[in-house]
There are 4 protein chains.
Amino acid sequence: MQAKTFTENARRAQIVRAAIETIGELGYAKASFGQIAKRAGLSSTGMISYHFDGKADLIAEVVRDVLATSLAYMRERIDAVHGPAAELRAYIESNLAFVAEHPVELTALLDCLRHGGGGATTAGNDDWYHGAVDVLESCLREGQRTGEFGRFDPRVMAITVRQAIDGIHTELIRRPDTDVDAYAAELVAIVDRATAHD
Amino acid sequence: MQAKTFTENARRAQIVRAAIETIGELGYAKASFGQIAKRAGLSSTGMISYHFDGKADLIAEVVRDVLATSLAYMRERIDAVHGPAAELRAYIESNLAFVAEHPVELTALLDCLRHGGGGATTAGNDDWYHGAVDVLESCLREGQRTGEFGRFDPRVMAITVRQAIDGIHTELIRRPDTDVDAYAAELVAIVDRATAHD
Amino acid sequence: MQAKTFTENARRAQIVRAAIETIGELGYAKASFGQIAKRAGLSSTGMISYHFDGKADLIAEVVRDVLATSLAYMRERIDAVHGPAAELRAYIESNLAFVAEHPVELTALLDCLRHGGGGATTAGNDDWYHGAVDVLESCLREGQRTGEFGRFDPRVMAITVRQAIDGIHTELIRRPDTDVDAYAAELVAIVDRATAHD
Amino acid sequence: MQAKTFTENARRAQIVRAAIETIGELGYAKASFGQIAKRAGLSSTGMISYHFDGKADLIAEVVRDVLATSLAYMRERIDAVHGPAAELRAYIESNLAFVAEHPVELTALLDCLRHGGGGATTAGNDDWYHGAVDVLESCLREGQRTGEFGRFDPRVMAITVRQAIDGIHTELIRRPDTDVDAYAAELVAIVDRATAHD
DNA sequence: GATGAATGAGGTTTCATTCAT
DNA sequence: AATGAATGAAACCTCATTCAT
């Protein structure tokens, strides 16, 4: 029973891995089951349909997987510091570091999120994004409460920070030699000034 | 001759219009020629192939169209002021105003730009984005030269501003009641602080 | 009235000309009305539909045109000689000469005949071919009657001659430098021997 | 593995079979995937695309299949005799016998070969035809070397023989009652005279 | 669990033809 | 007579999914 579950999970993980790489390299549009199966060393696309409840399910797992990895990576670094300001810095730095270390995963993740939330009517796939903004907003509010931060709209600031972080991805595509650490340091400086008391 | 060109352009414009609306409502992925033709009141998808040299051509025209409209809108407001700081504010405000007034166009535009380049090897379709960042970077550098702005990395700041503007789009999807004017005012304030002398 | 008819015929001839060139260069399969119209300098494929009663009609005219030109060319040279043997030689030589002088027309003609008589059920387009074989057969029978030729099956001989002539076309495609005059001379020699008395 | 290959080949063979019959009956032009699928008892044209890498691939297999069958048939009969003259006779007789026994296959084959190369720039698809002519030419040269044959251009003679054989096909369409054995005997007689010493 | 053949819907595109101007 | 936009059918092909083995 456990063996079966284990095997099943191993297969799922293998497929998810292949899906991430396929989407990362070919893009969402060209990441058909056929391409993913080829990369996973599977002889049939039916295997994917067998393990996942449709393409949406696979994509959801891809998102979940990358997000979980990213969160674990960041959580460790954010929990190591204390106070809203320090946490904000750790958030920015750890997130950018993760992007730099996992470019393929990030490409896949963003591509998945984009396609999931294609139409204006779609909701649910943007959950993560808004969740992330919410977290940042809470952090910013807390900082204003403790007096570490000055006056500003925490929602707009949260969006600005979140988007500035995501901006590194496109930048890396066009300028692969971009120094992500320097980018992080500069962004932290910008946010420091923007959140400071007048 | 003129009549022909006019008629032809009128049809093309009509199709582009339908494409924008279709992409805006269904998302790029579901925006097939069939859907677009239906919305344009055409009896067959062959009509689109007749007027456009393939799907890429139609999408390119959609991008061109929205971008041109947007640029004209912004140009007018940016040219009305003088000096890097004022121009930066005008840029942010006019861009956000346009987004607020043309939500469907923006949804379509962003979706098109996203799907333009499949995988990580994107190039060419991000031209606009990086062009926009370049313009902002130049403005920021000029402000630093004239002494209006303080010290900061103009590239990172440009990306931050550009991304913060684009952030309104996702925000509007989740919170349609967001006050875009207030968002613009707050973003201007944030940028003012971030670009100020220490 | 006559002017109209003249103009109409001129247009028809122009279109037939363009069709021959298009089929000769691109092949029957790619010779769409669009391609033909382009070559004819017409702004609309509708022009072709206007002057011809469908594609079959145009193709029929192409066949008629090339055939008529070919027949006129050969007739002149065949009528210049007398007697079955001499006429047979003149037939072979003049036919091959025509092929050498009008390669594009021949390519178009053969391509048209092939497509017309695609399925085994089709008949009518092979009319010309069998007509030509019939003519040869009559000539051969006449020669046997006059005693110029020996004993052989005139039908099989007619087919052999007709096919040997057509064979130059494929040969010219692969070996464009083939000396058609020499080919004709050699074919005449072969037929001479084959039709001779034992 | 073997089972797979077998099954796969069986399906492929079934489709090739259906393609041959379809082309033979409707002609190349009307032999769409839809028609072929219908004849093969397939529910969709996708099945053909699944087994063959495009239409060109299927057609190539059709040609290969008929050619291989034909060659095997002829080879057996040609290898049973010795000497250029006997082999030439066996070639003519076995080839015509095969045509008489497999009219549909031959119709399909010729149609495929004709349509393979669009315009005058044909190359590659005529490989078989020229290969066959080359074989005949070699046989004729050998006969001249051994003294069995007289003086003539072996290339022109090869083309004549090859074309005379192919001529039976069109003849059978118009005159289905043609006695192919008699045709063969008469053609052999003609070639005997044409290749004889003066 | 795993395979791969089969399905059927959907996509874009090209074509001959028709029609209003 | 001529134009060129519009039509609708048909083409090939890809895809996610299902199913028997």
Side-chain angles (χ1 to χ4, degrees), chain A residues 3-4 7-8 10-11 29-37 42-58, chain B residues 1 3-5 7-8 10-12 14 29-37 40-58, chain C residues 3-4 7-8 10-11 29-37 42-58, chain D residues 1 3-5 7-8 10-12 14 29-37 40-58:
Chain A
K4 169 181 174 179
T7 301
E8 188 180 319
R11 262 280 185 258
K30 300 201 172 171
S32 66
F33 274 18
Q35 288 292 333
I36 295 170
L42 300 174
S43 55
S44 163
T45 61
M47 226 31 266
I48 303 178
S49 291
Y50 178 80
H51 282 289
F52 294 88
D53 191 19
K55 189 161 195 177
D57 187 28
L58 170 58
Chain B
M1 207 53 149
K4 166 190 172 176
T5 300
T7 303
E8 189 181 318
R11 235 334 167 214
R12 278 180 69 95
Q14 176 193 1
K30 298 269 179 80
S32 66
F33 273 17
Q35 289 293 332
I36 296 171
L42 300 173
S43 62
S44 94
T45 63
M47 200 67 264
I48 302 178
S49 291
Y50 176 78
H51 281 288
F52 295 88
D53 191 18
K55 189 159 195 175
D57 188 30
L58 171 58
Chain C
K4 170 182 173 179
T7 301
E8 190 180 317
R11 261 281 185 254
K30 298 200 173 172
S32 66
F33 274 19
Q35 289 291 333
I36 296 171
L42 301 174
S43 57
S44 165
T45 62
M47 225 33 264
I48 303 177
S49 291
Y50 178 81
H51 282 289
F52 294 88
D53 191 17
K55 190 163 196 175
D57 187 29
L58 171 58
Chain D
M1 208 52 150
K4 165 190 172 175
T5 300
T7 302
E8 189 181 320
R11 228 346 159 207
R12 277 180 69 95
Q14 177 192 1
K30 297 268 181 80
S32 66
F33 273 17
Q35 289 293 332
I36 296 170
L42 300 174
S43 62
S44 92
T45 64
M47 199 68 263
I48 303 177
S49 292
Y50 177 79
H51 281 288
F52 295 87
D53 192 17
K55 189 160 197 176
D57 188 28
L58 171 58

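The structure presented is a predicted model; accordingly, all values stated were derived computationally and were not measured. In what follows, chains carry the letters A, B, and so on, assigned in the order in which the sequence lines appear, proteins first and then strands, with residues in each chain numbered from 1.
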*Asks:* Calculate, to the nearest 0.5 Å, the distance between atoms CZ and CG belonging to B/Arg12 and B/Leu58 respectively.
*Replies:*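 It comes to 8.5 Å.
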*Asks:* Report the distance from atom CG of A/Leu58 to atom C1' of F/dC15, rounded to the nearest whole Å.
*Replies:*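 Rounding to the nearest Å, CG of A/Leu58 and C1' of F/dC15 are 14 Å apart.
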*Asks:* Atom CD1 of B/Ile36 to atom P of E/dT12: distance rounded to whole Å?
*Replies:*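 For the pair B/Ile36 CD1 and E/dT12 P, the rounded distance is 7 Å.
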*Asks:* Pull out every protein N or O sitting under 3.5 Å from an N or O of nucleotides 18-21 of chain E, one pair per line with the distance.
*Replies:*
none

*Asks:* When the distance from CG of A/Leu42 to P of E/dT3 is rounded to whole Å, what number comes out?
*Replies:*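 In whole Å, E/dT3 P lies 7 Å from A/Leu42 CG.
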*Asks:* In whole Å, I'd like the distance from the CZ atom of D/Arg12 to the P atom of E/dA6.
*Replies:*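 Taking CZ of D/Arg12 and P of E/dA6, I get 13 Å after rounding.
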*Asks:* Would you say E/dG1 has OP1 or OP2 under 4.0 Å from some side-chain N or O of A/Arg11?
*Replies:*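 Checking E/dG1 against A/Arg11, no side-chain N or O comes under 4.0 Å of OP1 or OP2.
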*Asks:* If you round to the nearest 0.5 Å, how far is CD1 of C/Ile36 from NZ of C/Lys55?
*Replies:*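 One finds 6.0 Å between NZ of C/Lys55 and CD1 of C/Ile36.
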*Asks:* For the side chain of C/Ser32, counting heavy atoms from C-beta on, which of E/dC15, E/dG11, F/dC13 is nearest?
*Replies:*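 Side chain of C/Ser32 sits closest to E/dC15.
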*Asks:* I need the NE2-C1' distance between B/His51 and E/dT14, as an integer number of Å.
*Replies:*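 Taking atom C1' of E/dT14 as the reference, NE2 of B/His51 is at 15 Å.
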*Asks:* A/Asp53 or D/Ala31: which one's nearest nucleotide on DNA chain F is closer to the 5' end?
*Replies:*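 Its nearest nucleotide being more 5', the pick is D/Ala31.
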*Asks:* Identify, between B/Gly41 and A/Gly54, the residue whose nearest nucleotide on DNA chain F lies closer to the 5' end.
*Replies:*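 Upstream on the strand: B/Gly41.
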*Asks:* Mind checking who F/dG8 pairs with, Watson-Crick or G-U wobble, both distances under 3.5 Å?
*Replies:*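 With both distances under 3.5 Å, F/dG8 matches E/dC15.
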*Asks:* Is F/dA20 paired to anything, Watson-Crick or G-U wobble with both distances less than 3.5 Å, and if yes, which nucleotide?
*Replies:*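 Its partner is E/dT3.
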*Asks:* Is there a side-chain contact between B/Ser43 and the phosphate of F/dA6, meaning an N or O under 4.0 Å from OP1 or OP2?
*Replies:*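 B/Ser43 to F/dA6 OP1/OP2: no side-chain N or O under 4.0 Å.
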*Asks:* Using whole Å, what does the distance between atom P of nucleotide E/dG11 and atom NZ of B/Lys30 come to?
*Replies:*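 Rounded to the whole Å, the gap is 10 Å.
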*Asks:* Using the side-chain heavy atoms of B/Phe33, tell me which of these nucleotides is nearest: F/dT7, F/dC13, E/dT12.
*Replies:*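 The nucleotide sitting nearest to the side chain is E/dT12.
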*Asks:* Closest-nucleotide mapping onto DNA chain E: is C/Gly34 or D/Gln14 further toward the 5' terminus? I mean the 5' end.
*Replies:*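 Nearest nucleotide further toward 5': that of D/Gln14.
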*Asks:* Measure from NZ on C/Lys55 to P on E/dC15 and round the result to the nearest Å.
*Replies:*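 These atoms are roughly 8 Å apart.
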*Asks:* Nearest whole angstrom, please: distance from the P of E/dT14 to the CD1 of B/Ile48.
*Replies:*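 Atom-to-atom, B/Ile48 to E/dT14, this comes out as 13 Å.
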*Asks:* Let me confirm one number: the CZ-OG distance from D/Phe33 to D/Ser44, rounded to the nearest 0.5 Å.
*Replies:*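 Taking CZ in D/Phe33 and OG in D/Ser44, the distance rounds to 11.0 Å.
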*Asks:* Would you call D/Leu42 and D/Arg11 a side-chain contact if the rule is heavy atoms closer than 4.5 Å?
*Replies:*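 D/Leu42 reaches D/Arg11 side chain to side chain.
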